[in-house]
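Residue numbers run from 1 in the order of the sequence given. Every heavy atom of this structure was used, including side-chain atoms; hydrogens, water molecules and symmetry mates were not.
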Amino acid sequence: MSGRWLNAAVSRSDDVLKVHRLAQAGGSAALLEWLAAHLGGWVGVVDSEAEHGRVPEAAVRGAAELTARGVRSAVLHDGDRATLLFALDGPRAPAAVLAAVLEQPPHPGVTALLADAAVPLALVLRAEEAERRAERVRRAELRTREAVLRLLMSGLLPTAHQIAGALGPTLPDPLRLYVVECPAGRLAEVGALCRELTGGRAWIVRCPVYVRHLIVLAPVGPAAGPAAGRPLAGALVEAAPDCTVGVSGEMCLSEAPVAYTQAFHALAVARGRPERHARFGPGPELALAAHEAGADWAGTLLAPLHTYEPRRPQDPGGQELRATAEAWLNFASHATRLLRIHRNTLAARLRLIEVLLGLDLARLPDQAALSLALRLTPGAGRASGTDPEPAGAPGLDEVLSDPRLTDWARGHLSGLTGPDAPAGARDTVRVWLAHDAQLGPAAAAMGVSVPGARKRLTRIEALLERSLLQSPSARYDLWLAHRAEGLAEDLAR
């Protein structure tokens, strides 16, 4: 037994004070560790979850006997060892027991010290259990909010509304979507700030793909609270200067996927601005320009996906494969985080999609075609058993030759040759697209280093107000625009 215990100058009151300080500052682990060192034996909590390999057999047997007899304390003698047991009041009672296995004979003051320690130990165990439960609830809410986001991105609004209504607040409609980039350790703090600035009316969720992003679906209008009357993005950056904010246009809730893409592009612009926030730049949406000309083409292309029935119940069906394609086109390999699947599962699904649709998803032209088709057939598209696809549906080139697509393409590409464009911007983009938007091969073709090519494209991002290097990327729209413009030029010759 330690010499400190035998020192008569150390009073019981000193030990009680030490016990309370340890329980408050270090929790149950620190308190038990100190008791074990102070008493020169094994001290721990024994309950139904105790690992018998780490708990002395005498403590396990003693705790079981204490519980069976329904008594509050006991001392069991076994050869040269004594086991002292005290029942603990708390979330695990009556099975939780403070046990000490010490050499015989135990000092007379041991019983008093353990009895004094049992009360604060029971309280701190209760507090720790409450913290664990609160953390489980917090994680469950985060996952539920992610689920609502996935439902919105899949167009399943009724289910999203039901789940969101249970958590609160209701999903705003119309809305502006904000993508807030901030240090990972500040997500909770910035989320609370967003709630304050929106008067608690915004739906806030951590991005399941990018760990430094918050996604905020806010009602259309200025900030609330102390910053009332000011644009929300500006008020947020002023309150949190280490954040960057991208803002979508005003959208209906059903357009949440488009709103997210807009806000993400705006975020790429905001990073280069001193004010650290930007709203998505004006410009025609490809899906609107191509809808009338491309709806039949898109339905025909995606029909094998929408009507696909897996051979085994556990395999993904057409709707799940569609969600996989959308996630991969938007987030590349990071789609595994959004879908919560292994990278091998993602690769297998992509191979199946390629087989079903007759595409090579390693090539940018086929990626762009699939991206456009998915945008032109929101939701699940045609279901199995519906009317057959129209005969003679156009091909992609025929769709892109429509005058409305030609006008869209010229407007989309005009910034590359405008007065603010850096020299060679159009050629840089053309070479990058010709090499499937891969930096390495494109840099080699341009005769520059990879960092040099990245720097050129970063300047073009600011020019176009679109994200190119980070997904969701505008590379699909850029390829389609170049193709549409090239087809119009060929026709004019």
Side-chain angles (χ1 to χ4, degrees), residues 143-157 159-160 205-211 213 215 256-258 260-261 264 287 294 297-386 389 396 436-438 467 470-477 479-480:
R143 288 181 177 262
T144 304
R145 289 184 177 274
E146 284 185 16
V148 171
L149 181 65
R150 291 191 183 93
L151 291 168
L152 288 176
M153 295 304 172
S154 300
L156 302 175
L157 266 64
T159 308
V205 57
R206 296 189 181 194
C207 179
V209 176
Y210 295 112
V211 297
H213 288 187
I215 299 173
V258 177
Y260 172 76
T261 302
F264 193 89
W297 163 79
T300 301
L301 176 66
L302 297 178
L305 189 66
H306 292 155
T307 58
Y308 174 71
E309 297 289 344
R311 286 179 293 180
R312 301 182 304 173
Q314 65 267 33
D315 291 339
Q319 181 65 20
E320 197 169 358
L321 290 175
R322 179 190 171 100
T324 299
E326 290 173 331
W328 180 75
L329 288 170
N330 281 332
F331 299 109
S333 61
H334 293 316
T336 54
R337 300 180 189 172
L338 180 64
L339 299 170
R340 297 191 180 280
I341 59 176
H342 192 271
R343 63 180 182 272
N344 293 342
T345 304
L346 175 63
R349 290 186 185 182
L350 292 175
R351 285 194 297 270
L352 177 57
I353 292 169
E354 287 181 319
V355 171
L356 290 173
L357 302 183
L359 299 176
D360 179 1
L361 294 181
R363 301 300 311 281
L364 181 58
D366 284 4
Q367 295 171 15
L370 180 56
S371 172
L372 176 59
L374 290 169
R375 282 179 277 174
L376 294 178
T377 56
R382 293 182 174 87
S384 177
T386 59
E389 302 297 336
L396 178 58
D436 296 321
Q438 300 296 316
S467 172
Q470 194 171 15
S471 297
S473 167
R475 60 184 179 272
Y476 309 130
D477 286 7
W479 185 90
L480 292 165

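With values rounded to the nearest 0.5 angstrom, Leu352 atom CG is found 8.5 Å from Asp315 atom CG. In this structure, OH in Tyr210 is found 8.5 Å from CZ in Arg337, a value given to the nearest 0.5 Å. Taken to the nearest 0.5 Å, the CG atom of Leu361 stands 7.5 Å off from the CG atom of Leu357. Atom CG in Leu338 sits 8.5 Å away from atom CG in Asn330 (nearest 0.5 Å). With rounding to the nearest 0.5 angstrom, the OG atom of Ser333 is 10.0 Å from the CH2 atom of Trp328. The CZ atom of Arg475 sits 8.0 Å away from atom CG of Leu329, with the distance rounded to the nearest 0.5 Å.
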Set out, in order, the CA-CA distance, both residues' side-chain angles and the distance that settles side-chain contact (heavy atoms from CB on, under 4.5 Å) for Leu359 and Leu370, then state yes or no. CA-CA 9 Å; Leu359 299 176; Leu370 180 56; 4.1 Å; yes

Just do the side-chain contact (heavy atoms from CB on, under 4.5 Å) check on Glu320 and Leu339 with the steps written out, would you? CA-CA 10 Å; Glu320 197 169 358; Leu339 299 170; over 6 Å; no

Leu301/Thr377 under side-chain contact (heavy atoms from CB on, under 4.5 Å): CA gap, chis, key distance, verdict: CA-CA 10 Å; Leu301 176 66; Thr377 56; over 6 Å; no

Residue pair Glu146, Arg340: steps toward the salt bridge (Lys or Arg N to Asp or Glu O under 4.0 Å) verdict: CA-CA 11 Å; Glu146 284 185 16; Arg340 297 191 180 280; 2.5 Å; yes

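Legend: residues meeting side-chain hydrogen bond (donor to acceptor under 3.5 Å, both in side chains) with Ser371, ordered by chain and number and at least two apart, are Arg375. Taking the side-chain hydrogen bond (donor to acceptor under 3.5 Å, both in side chains) definition, one finds that Thr336 meets it with nothing, sequence neighbours left out.
Taking the side chain as every heavy atom from C-beta outward, Tyr260 and Leu149 never approach each other to under 4.5 Å. Contact annotation: the side chain of Arg145 never approaches that of Arg150 to less than 4.5 Å [non-hydrogen atoms, C-beta and beyond]. Leu374 has its side chain within reach of Leu302: a pair of non-hydrogen atoms, C-beta onward, lies under 4.5 Å apart. Side-chain contact between Leu396 and Trp297 is present, with at least one heavy-atom pair separated by less than 4.5 Å.
Taking the six-membered ring wherever Trp is involved, the centroid distance between the rings of Phe331 and His334 does not fall below 6.0 Å.
Between the side chains of His306 and Arg322, at least one donor-acceptor pair of N or O atoms lies under 3.5 Å.
Listed by first and then second residue, the side chain to side chain donor-acceptor pair (under 3.5 Å) pairs involving residues 358-370 are Arg363-Asp436 (not counting sequence neighbours).
Checked by atom type and distance alone, the side chain of Ser154 never pairs as donor or acceptor with a backbone atom of Leu156 at under 3.5 Å.
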